[in-house]
Amino acid sequence: MGKLLVFNFILITIIALGLWLIKKHVQRERTQNIILTVAAIFTIAFHYSSFLFKLLSGGNAIEYLGETPNLLLPIYPCNVVMWSALIFALLKNKTSRVGSFFVDYLFWFGIVSTLVGMFANVDFIRNPTLADYENFKSITAHATLLFNILLLPIFGYIKADVKRSMTNILLSILVMAAIGCYCNLVFHALVSEATAYDVNSMFLIHSPFEGLAFLTYPVISLIALPIYFGVFVIFDFCAHKKGERFYNQVKRHKNQA
């Protein structure tokens, strides 16, 4: 695990340097949108790089595609976050209700899944070497996705709004569960039941953690909700002055009613 920590430290240092340069030199909204789009496309292309290499080199790309289900459907949280980053980058009105949902989903939901993918990478745990391109790609793709996500506060999209953030997180959990159910049903229909069980989209079928069989997606979600609420309250407390915080707004709303 020491190699993984060192590699991730290097990646995070590169990310921090890139974000600092962008924060310092990029001010125009048009340029920001281009950066968001390019970063999202690069992450997706990197995610499919093994398949593209096999396809261009004459390897058995179709067989590889069949052995790698997350290239066919977004079966893991980071797969959904990856595509959501591109959708958000292409939105014309990023401050709309839809835009705010993607912002909260990408930042608050996505940052957890990308960090888990970097520091508790399943591929690396099973085969602890960076010489394997699949391991290298998996960890680095999570890092490029983290870069995508951290562009949001750099460009001023993150807002301290407890009600909005909690609403969007609840909606995110439901959407992810729906995507997981859909992917699992598709694989159950196309392949054997045993293989579909191994796909385990969104960890709805069984826990991704050995020895913690109870930690399926519903349980993880129930644990995450109060944690998210606590984080949002702390963020709100730090961002707003006394009298302007969310509980002051709730109190005023009750008094008006």
Side-chain angles (χ1 to χ4, degrees), residues 4 7-8 10-22 25-26 29-92 94 99 102-103 105-107 109-119 121-124 127 129-155 157 176 179 183 186 199 201-202:
L4 182 61
F7 185 57
N8 280 326
I10 294 170
L11 291 174
I12 289 175
T13 301
I14 295 170
I15 289 170
L17 178 60
L19 292 171
W20 177 77
L21 289 172
I22 289 171
H25 297 290
V26 177
E29 184 178 349
R30 183 173 181 274
T31 307
Q32 293 176 356
N33 288 336
I34 291 172
I35 291 173
L36 284 169
T37 305
V38 171
I41 291 173
F42 177 82
T43 298
I44 292 171
F46 195 36
H47 175 64
Y48 285 93
S49 59
S50 296
F51 170 72
L52 293 172
F53 176 77
K54 288 182 180 294
L55 191 65
L56 295 173
S57 63
N60 197 335
I62 302 303
E63 182 181 346
Y64 174 77
L65 196 63
E67 295 171 351
T68 316
N70 69 329
L71 296 181
L72 294 170
L73 288 173
I75 65 172
Y76 299 128
C78 285
N79 300 146
V80 182
V81 174
M82 176 184 72
W83 288 105
S84 297
L86 180 60
I87 294 171
F88 176 75
L90 297 176
L91 284 178
K92 289 185 178 180
K94 293 181 172 56
F102 276 103
V103 166
Y105 168 72
L106 285 168
F107 188 74
F109 199 104
I111 201 166
V112 174
S113 57
T114 51
L115 287 173
V116 170
M118 289 177 68
F119 289 93
N121 189 276
V122 175
D123 294 329
F124 185 87
N127 180 26
T129 176
L130 291 171
D132 187 316
Y133 180 72
E134 289 298 321
N135 289 355
F136 174 84
K137 182 200 71 172
S138 178
I139 298 166
T140 309
H142 282 93
T144 62
L145 186 55
L146 179 64
F147 176 79
N148 279 240
I149 292 167
L150 293 178
L151 286 171
L152 299 177
I154 293 294
F155 293 157
Y157 288 113
M176 295 291 281
I179 292 172
C183 292
V186 169
V199 170
S201 181
M202 302 305 157

- Task: Could you go through the side-chain contact (heavy atoms from CB on, under 4.5 Å) check for Phe155 and Leu150 one step at a time?
- Result: CA-CA 9 Å; Phe155 293 157; Leu150 293 178; over 6 Å; no
Checking [X] now: which residues fulfil side chain to side chain donor-acceptor pair (under 3.5 Å) with it, not counting sequence neighbours?
{"X": "Asn127", "answer": "Asp132"}
{"X": "Thr43", "answer": "Thr144, Asn148"}
{"X": "Tyr48", "answer": "none"}
{"X": "Ser50", "answer": "Glu134"}

Just verifying a value: how many Å separate [X] [atom1] and [Y] [atom2], rounded to the nearest 0.5 Å?
{"X": "Ile12", "Y": "Leu19", "atom1": "CD1", "atom2": "CG", "answer": "11.0 Å"}
{"X": "Leu115", "Y": "Ile149", "atom1": "CG", "atom2": "CD1", "answer": "8.0 Å"}
{"X": "Leu90", "Y": "Asn33", "atom1": "CG", "atom2": "CG", "answer": "9.5 Å"}
{"X": "Leu91", "Y": "Ile87", "atom1": "CG", "atom2": "CD1", "answer": "8.0 Å"}
{"X": "Phe147", "Y": "Ile154", "atom1": "CZ", "atom2": "CD1", "answer": "9.0 Å"}
{"X": "Met176", "Y": "Ser84", "atom1": "CE", "atom2": "OG", "answer": "8.0 Å"}

Over all heavy atoms of both residues, which pair between [X] and [Y] is shortest? Give the atoms and the distance, please.
{"X": "Leu152", "Y": "Val103", "result": "CD1-O, 3.9 Å"}
{"X": "Ser138", "Y": "Asp123", "result": "OG-OD2, 3.5 Å"}
{"X": "Ile179", "Y": "Ser201", "result": "O-OG, 4.2 Å"}
{"X": "Ala85", "Y": "Leu106", "result": "N-CD2, 3.6 Å"}
{"X": "Met82", "Y": "Leu145", "result": "CA-CD1, 3.7 Å"}
{"X": "Leu146", "Y": "Met118", "result": "CD2-SD, 3.9 Å"}

- Contacts of Pro69 that satisfy side chain to side chain contact (heavy atoms under 4.5 Å, CB included) - sequence neighbours left out: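 In terms of side chain to side chain contact (heavy atoms under 4.5 Å, CB included), with neighbours along the sequence ignored, Pro69 is linked to Ile75, Phe187, Val199.
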- Query: So do Leu36 and Lys94 actually touch side chain to side chain, heavy atoms under 4.5 Å?
  - Reply: yes
- Just wondering, do Met202 and Cys183 contact through their side chains at under 4.5 Å, heavy atoms? no
- Query: Quick one: does Ser113's side chain have a donor or acceptor within less than 3.5 Å of a partner on Gly110's backbone?
  - Reply: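 Between the backbone of Gly110 and the side chain of Ser113 there is a qualifying donor-acceptor contact (under 3.5 Å).
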- In terms of the angle between their ring planes, are Phe136 and Phe46 parallel, tilted or perpendicular, with boundaries placed at 30° and 60°?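 Rings of Phe136 and Phe46: perpendicular, over 60°.
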- Which pairs with one or both residues in residues 57-85 pass ring pair (Phe, Tyr, Trp, His ring centres under 6.0 Å), sequence neighbours excluded?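 Qualifying pairs: Tyr76-Phe203.
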- Message: Taking CZ in Phe53 as the centre, count heavy atoms belonging to other residues, nucleotides or ligands within less than 6.0 Å. Is the count above 12?
- Response: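 No.
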- Query: Run the ring-ring contact (aromatic ring centres under 6.0 Å, His included) check on Tyr157 and Phe88 step by step: do they pass?
  - Reply: CA-CA 11 Å; Tyr157 288 113; Phe88 176 75; 5.3 Å; yes
- Start with the C-alpha gap between Asn70 and His47, add the side-chain angles, then the distance that decides, and say whether side-chain contact (heavy atoms from CB on, under 4.5 Å) holds. CA-CA 10 Å; Asn70 69 329; His47 175 64; 3.4 Å; yes
- Message: What verdict does the side-chain contact (heavy atoms from CB on, under 4.5 Å) test give for Val80 and Tyr105, after you've listed the backbone C-alpha separation in whole Å, the side-chain angles of each residue and the deciding distance to 0.1 Å?
- Response: CA-CA 10 Å; Val80 182; Tyr105 168 72; 3.2 Å; yes
- Item | Steps toward side-chain contact (heavy atoms from CB on, under 4.5 Å) verdict (Leu11, His142) | CA-CA 10 Å; Leu11 291 174; His142 282 93; over 6 Å; no
